[in-house]
Amino acid sequence: READEFASHLLMPKPLFNPRVLAQRWPTIAQLQDIAETFQTSQAATLIRLARVDTLPVIVASYSLDARLWYCAARHVPRRWRLKSALDRDSFARHSFDRAYESC
């Protein structure tokens, strides 16, 4: 974890990262992918950095078919925002997950 944190500070320093994010106002996944490519980092690392620098109220979460594996939330995310422990069967995320799983 320490190495990951050090690498994120080194590869995506706040003075360079924050202006790129804030220039988008509410960045889309495609815009965040462009930012990841600019910094030559993975999309996951870029999203986690976005949450850690607390520029926008975001939560990044990873789920398996059965449960939430991990999450990272910006410090100023409203307390009323809650993550479920598992994806709802009728949610878009679960539907996307099921379709990806079926194609494997």
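Start at 1 with the first residue, then count along the sequence.
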Next on the checklist: Holding to side-chain hydrogen bond (donor to acceptor under 3.5 Å, both in side chains), I want the full list of residues that pass it with Lys84, two or more places apart in sequence or in another chain.
Outcome noted: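 For Lys84, the residues satisfying side-chain hydrogen bond (donor to acceptor under 3.5 Å, both in side chains) (neighbours in sequence not counted) are Asp88.
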Next on the checklist: Grouping I, L, V, M, F, W and Y whenever their side-chain heavy atoms are under 4.5 Å apart, do Leu16 and Ile35 come out in a common cluster?
Outcome noted: yes
Checklist entry - Are Val60 and Leu69 connected in a single hydrophobic cluster, I mean Ile/Leu/Val/Met/Phe/Trp/Tyr linked by side-chain heavy atoms less than 4.5 Å apart? => result yes
Next on the checklist: My understanding is that a hydrophobic cluster links ILVMFWY residues whose side chain heavy atoms are under 4.5 Å apart, including indirect links. Using that, what else belongs to the cluster containing Leu10?
Outcome noted: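 Its cluster mates, by chain and number, are Phe6.
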Checklist outcome for this item: Closest heavy-atom pair, Pro57 versus Ala74, reported as atoms and distance to 0.1 Å, is CA-CB, 4.4 Å
Item to check | Nearest heavy atoms of Arg49 and Ser8, plus distance in Å | outcome: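 The answer is NE-O, 3.7 Å.
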Throw together a table of side-chain donor-acceptor distances under 3.5 angstrom for residues 22-32, partners on residues two or more places apart or in other chains.
from, atom 1, to, atom 2, distance (Å)
Gln24, OE1, Gln31, NE2, 2.8
Thr28, OG1, Ala30, N, 3.4
Thr28, OG1, Gln31, N, 3.1
Thr28, OG1, Gln31, OE1, 3.4
Gln31, OE1, Thr28, N, 2.8

Next on the checklist: Quick check for you: to the nearest 0.5 Å, what is the distance between Ser42 atom OG and Gln33 atom CD?
Outcome noted: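 Atom-to-atom, Ser42:OG and Gln33:CD are 9.0 Å apart.
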Checklist entry - Do Arg20 and Phe39 have side-chain heavy atoms sitting under 4.5 Å apart? => result yes
Item to check | Pairs satisfying salt bridge (charged side-chain N to carboxylate O under 4.0 Å, His left out), at least one member in residues 2-18, at least two apart | outcome: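 Qualifying pairs, neighbours excluded: Glu5-Arg52.
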Checklist entry - Restricting to pairs with a member in residues 72-83, which pass side-chain hydrogen bond (donor to acceptor under 3.5 Å, both in side chains), not counting sequence neighbours? => result Asp54-His76
Checklist entry - Just one of Val77, Leu50, Leu47, Ile48 clears the side chain to side chain contact (heavy atoms under 4.5 Å, CB included) bar with Val58, so which one? => result Leu50
Next on the checklist: For Tyr63, give me all partners under ring-ring contact (aromatic ring centres under 6.0 Å, His included), at least two apart in sequence or on another chain.
Outcome noted: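 Result, ring-ring contact (aromatic ring centres under 6.0 Å, His included) vs Tyr63: none returned.
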